[in-house]
Amino acid sequence: MDLTVHIGSLTLKNPLIAASGCFGYGVEYAGIVDLASLGGVAVKGLFLAEREGHPPPRIVETPAGMLNAIGLQGIGVHRFVDEKLPELRARRATVIVNICGTTIDEYVELARILSDAEGVAALELNISCPNIKEGGITFGCSLTGTFDVVSAVRKVTRLPVIPKLTPNVTDVASFARAAEDAGADAVSLVNTFLAMVIDVETRRPKLSNIVGGLSGPAIRPIAVRMVYECRQMVKIPILGMGGIAEARDAIEFMIAGAAAVQVGTASFVDPFIWPKLIDGISQYMQRHHIERVSDLIGTIDTRTRDKQWISS
Amino acid sequence: MDLTVHIGSLTLKNPLIAASGCFGYGVEYAGIVDLASLGGVAVKGLFLAEREGHPPPRIVETPAGMLNAIGLQGIGVHRFVDEKLPELRARRATVIVNICGTTIDEYVELARILSDAEGVAALELNISCPNIKEGGITFGCSLTGTFDVVSAVRKVTRLPVIPKLTPNVTDVASFARAAEDAGADAVSLVNTFLAMVIDVETRRPKLSNIVGGLSGPAIRPIAVRMVYECRQMVKIPILGMGGIAEARDAIEFMIAGAAAVQVGTASFVDPFIWPKLIDGISQYMQRHHIERVSDLIGTIDTRTRDKQWISS
Amino acid sequence: MPIDVVADVMANRRLSSDYNVLALAAPAIAAAASPGQFVMIRPGRSHDPLLRRPFSVFEVLRDQHGAPTGISLLNKRVGVSTGLIYTAQAGERVDCLGPLGRPFSLVDPPAQAWMVAGGVGLAPFAALAEALCGRGTTAVLFYGARTAAELFYLDVFRALGVELVLTTEDGSLGEHGRIVAPLERRLSSQRTDRPVMVYACGPEGMLAATARTAARHGRACQISVERIMGCGLGGCYSCVVPMRSDDGRFHYVRSCIEGPVLAGDQIQWD
Amino acid sequence: MPIDVVADVMANRRLSSDYNVLALAAPAIAAAASPGQFVMIRPGRSHDPLLRRPFSVFEVLRDQHGAPTGISLLNKRVGVSTGLIYTAQAGERVDCLGPLGRPFSLVDPPAQAWMVAGGVGLAPFAALAEALCGRGTTAVLFYGARTAAELFYLDVFRALGVELVLTTEDGSLGEHGRIVAPLERRLSSQRTDRPVMVYACGPEGMLAATARTAARHGRACQISVERIMGCGLGGCYSCVVPMRSDDGRFHYVRSCIEGPVLAGDQIQWD
Ligand SMILES: Cc1cc2nc3c(=O)[nH]c(=O)nc-3n(C[C@H](O)[C@H](O)[C@H](O)COP(=O)(O)OP(=O)(O)OC[C@H]3O[C@@H](n4cnc5c(N)ncnc54)[C@H](O)[C@@H]3O)c2cc1C
Ligand SMILES: Cc1cc2nc3c(=O)[nH]c(=O)nc-3n(C[C@H](O)[C@H](O)[C@H](O)COP(=O)(O)OP(=O)(O)OC[C@H]3O[C@@H](n4cnc5c(N)ncnc54)[C@H](O)[C@@H]3O)c2cc1C
Ligand SMILES: Cc1cc2nc3c(=O)[nH]c(=O)nc-3n(C[C@H](O)[C@H](O)[C@H](O)COP(=O)(O)O)c2cc1C
Ligand SMILES: Cc1cc2nc3c(=O)[nH]c(=O)nc-3n(C[C@H](O)[C@H](O)[C@H](O)COP(=O)(O)O)c2cc1C
Ligand code: FES
Ligand code: FES
């Protein structure tokens, strides 16, 4: 059985990637998961500089989901390269670095630094963090902004460039197209949905940042639809995510058009989820006589049925 | 205690409205709910003509939500006026008619017919049904389309005109503004989120229509955020909805900025929900010494706290 | 009018690794229910699972004086909610709304009642058989399942005086094959001046075949359909079944309020 | 390394209408846990509630030979998951991940250990008291609650030889008022050459007051903080606590991996 998938020039040993911001810098999980067994590890969004992020409360649970407004607390790219990358390298993780900037120059600078560092497999451009104004969302909500930041980064790196798209737009597929046109190797989607919860007793938002990003199973059907739409618009691979909690969900994203998937919130609930997902996918492939997992990608069958009846 | 709220020239006896498409034509529920006890009854979306809608399966459950692609099966406006309106009138329901069209002329024609009919309290313009191409969504996703259809209807009716907005846009508040500029008396939001579920065993979409609209508690935090955003952009009242399942949720929408709320999916789960919601709101008002429910509207307190600590 | 009760689980009897019978304390629903009606069940209080699920009223339970105390459900575990119902323990509480929908119409002697059940499609027939036998109507149960271990409650039907015709797909009990075969043979051999009402509930393929067979033999047929139901009350239009229209086309009716029992010859099978 | 077990509920003892003690079969976690560590609990399997919830290890349960068999949790019902834990029945299963976080550091005689607990903040102190008393350390428990009926396990602490100082907000038992008052008095009267380690867990206001009081008296203080935790493993950065930086500002640390026990004088209380 062949679980490898290809993202541009990069080969992942399986389609399962730990989603950015949901797996620390990866090293936190080294005792729980064999990092080398994952298709990839997308580390927490990095700016050039260190950041403290938003005051707590930073998360709140919602029906089948959660909001977060961490505010991209982080150690900055230099400390990441010095303090975390060596261990990730030693553990043979396939490291995808999620980068955030306020200006195109910052993305370019981050890309340069990380291209020179040893052990970075790909760059995921976070142009979709809904929680901070300066987190690239202005790029992510504008087609030319998306195009410009991707092209600029494209010029300075040979690493696969993977812009991460926001779902908070009317037509996500047009953003995937802009990214493709600008030379992206793949696109990641979705980041979180802008949302809020109000404590009715105090009439105050439950998050210090007022709004936050919704993730988890609640958003899965919207995310699957978006992957499906993008699949029809672009040829580059799609890294699909949003509420994946079981092997079945990962397979659903692949059938909708994702070449690989990321798992965030569900790994909070079950940090030991990874081998379970791999097992579940393998069992499915066996049951359906699928030799290569990549044969699943985009194989949704949308023939309309005249049939009125569910079973028969 | 005063539960009345005002939507343009219309006074509702309380802020609770049965959401369109989730309460049939109202008459189906006459044996379960005293229709006159509701703030309003938004009946199922009506076209000029009868429609059969989409083949089943038409709904599928998702985590804390459901997708529907009913396809606006309906009896058409004439049969509605002849067969349903008399009973609604007799039961003294405050009837909000949800209308759908393919062209501006159809909305205008529907508005004319319903303005002449006795017992219609307001028109809700469905320009946001995600499940059928001809259901006004082309208006709902374009600012000029929204403006044009609202102004056209505005000219031919004295009934309150309430466009219902789609959440599937980048900036819902700008649509609320377009509606206000065109003379709308209020806006309803949100309609459902475009979404899909794939059966991984068959690789076919679970809905015959491939995509459907996500409703239910899953979407609530996104909907609350949208109401909050619109509140800052427009002065006209907002009818808020999306996943309301308890009195607390209804209050949350009002604090975010809704003048009234609609309840859809939750009334499937609990058709006897209405008196419970009214009780819950009344108890909350008592506990917080609030005399008029309308004093809650938009009272969210967003002062930033420097406080790092939750309680103290 | 339907009522909604928070019903105590009185007992949960496992019939197999997939089937169980759940007894719910719901006297008012039990008193009002007619054979063929259903209830909408919610086995938990969280938003996942969210919607209620439809279940036929299997038995009306009574105390020693014959007063209704509750209902039972014949449950087949196929997903989330049926899984919760399978594992429910006595003392748990379950939201139960009903009775809902149009029941079977009963026939009196000399008409015979032939019930056709596939798998969990047995559910509405315990109550129906009791009602029919109570009025002296001769009843036959054509009952097919995958295997012998999934043919349940045979003694109960026998005790009521119901004749049993059984099939299993693996041949482990009764005739080997599907249930429509013996039904077809029996319809062919039945004298046309002897009135028969066919009742059917089960997988859709079986229902279509039954309806066609009955029609071919000129027999009326009441079909209990199973559609995905959002509300059970006519509010959502999710549960529609296509019915033949006079113009040769079809129109959708809501099976929760116009059914679940529908005339087999009026359903648009395709 | 933490492990994740599907733990059987061995017993559920209700202490009041809001508090209970849940015993979970989890020998490996029990064997590995140190006082002050916590577990992440998931009482259901649906997506609502979604995330696990953090709970202190209350007691390490042992069989008659002293071998660890499981742990218990002291639970206070405040919302969805704590509600499920309150109503959990023996035989149910609960996902339990742990042990997690940095434990208390213990002190040896002649140092005394003063534990300050507010409400459910008692949770980490049963295990801590056992460990301290085991090494002969003199222990005092300052324990405040709303009312006498919410002061639990007093006998257990007494049996260990722990001195109890109690307060209730309604004056129904012990001193009337908050627990920081007697702590403050005792700190004032304690000779400075007698070493004392203050341990505290409870509402944030109480923690801040305890930390300040301890600092004012020059006593070291270990605070077990309670933050909303998404993962418990350092993955999500939800659980941060502001700690003083050398430059007079603060930086956030993740209380799940750098805590939950943190040095009181280094936390930025504001
Ligand atoms: C009028 C009526 C009476 C019924 N009586 C019984 C009965 O007595 N005993 C019994 O075991 N079952 C009965 N069913 C079927 C039962 O409602 C479904 O098996 C149940 O809803 C599945 O819920 P789930 O959460 O376990 O499955 P899910 O996890 O939601 O889905 C599993 C599978 O079940 C199908 N399904 C989901 N919801 C429904 C639904 N509402 N109706 C039909 N299929 C569905 C899905 O398409 C999917 O293939 C009846 C259905 C109807 C319409
Ligand atoms: C290290 C640690 C140890 C703890 N030990 C115990 C213990 O031994 N016994 C005990 O009863 N409680 C303990 N708590 C608190 C307990 O985790 C929360 O009460 C619980 O998470 C609330 O879950 P819920 O679903 O019932 O509440 P929800 O319905 O989610 O929310 C109800 C209220 O609880 C608050 N809350 C939600 N999640 C948390 C959280 N993770 N931490 C703190 N507050 C939260 C919310 O802000 C809200 O005000 C501990 C917390 C931490 C961080
Ligand atoms: C706590 C938290 C922090 C996140 N931080 C980041 C981040 O730094 N960069 C980023 O691109 N996405 C971030 N995300 C978004 C996730 O990577 C992912 O896109 C989203 O959560 C949807 O997937 P899920 O439903 O599996 O969690 C974060 C999500 C969560 C829940
Ligand atoms: C089955 C179903 C049918 C619906 N039909 C309509 C409709 O005809 N017109 C309309 O404007 N909205 C329709 N809606 C959207 C609801 O009115 C409402 O906007 C949405 O469901 C969100 O609210 P809820 O989460 O309370 O259900 C429908 C929703 C559902 C679930
Ligand atoms: S189930 Fe809602 S209309 Fe039939
Ligand atoms: S709880 Fe996730 S980092 Fe601490």
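This is a predicted model, so every value here is computed, not measured. Quick note on labels: first sequence line is chain A, next is B, and so on, each numbered from 1.
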Mark yes when over 12 heavy atoms from residues, nucleotides or ligands other than [X] sit less than 6.0 Å from its [atom1]; otherwise mark no.
{"X": "B:Arg248", "atom1": "CZ", "answer": "no"}
{"X": "C:Arg77", "atom1": "CZ", "answer": "yes"}
{"X": "C:Arg14", "atom1": "CZ", "answer": "yes"}
{"X": "C:Arg216", "atom1": "CZ", "answer": "yes"}

From [X] [atom1] over to [Y] [atom2], what is the distance, rounded to the nearest 0.5 angstrom?
{"X": "C:Ser238", "Y": "B:Leu207", "atom1": "OG", "atom2": "CG", "value": "11.0 Å"}
{"X": "B:Met66", "Y": "C:Leu51", "atom1": "CE", "atom2": "CG", "value": "5.5 Å"}
{"X": "C:Leu97", "Y": "B:Phe272", "atom1": "CG", "atom2": "CZ", "value": "6.0 Å"}
{"X": "B:Glu61", "Y": "C:Arg53", "atom1": "CD", "atom2": "CZ", "value": "4.0 Å"}
{"X": "C:Tyr252", "Y": "B:Gln73", "atom1": "OH", "atom2": "CD", "value": "8.0 Å"}
{"X": "C:Ile3", "Y": "B:Ile32", "atom1": "CD1", "atom2": "CD1", "value": "11.0 Å"}

B:Phe23 versus chain C, heavy atoms under 4.5 Å apart: side chain, backbone, both or neither?
backbone
So what's closer than 4.5 Å to chain C heavy atoms on B:Ala18: side chain, backbone, both or neither?
neither
Non-hydrogen side-chain atoms of B:Val60 and C:Ile228 separated by less than 4.5 Å:
no
With chain B, the option among C:Ser46, C:Cys236, C:Cys239, C:Gly232 that has the most non-hydrogen atom pairs under 4.5 Å is C:Cys236
Given 3.5 Å as the limit, does a donor-acceptor pair link the side chain of B:Arg58 with the main chain of C:Tyr237, or not?
yes
Check whether C:Met229 gets within reach of chain B through its side chain, its backbone, both or neither, counting any heavy atom under 4.5 Å.
backbone
Nearest heavy-atom neighbours spanning [X] and [Y]:
{"X": "C:Leu50", "Y": "B:Pro217", "answer": "CD1-CD, 3.8 Å"}
{"X": "C:Leu233", "Y": "B:Glu28", "answer": "O-CB, 3.7 Å"}
{"X": "B:Phe268", "Y": "C:Cys231", "answer": "CD2-CB, 3.6 Å"}

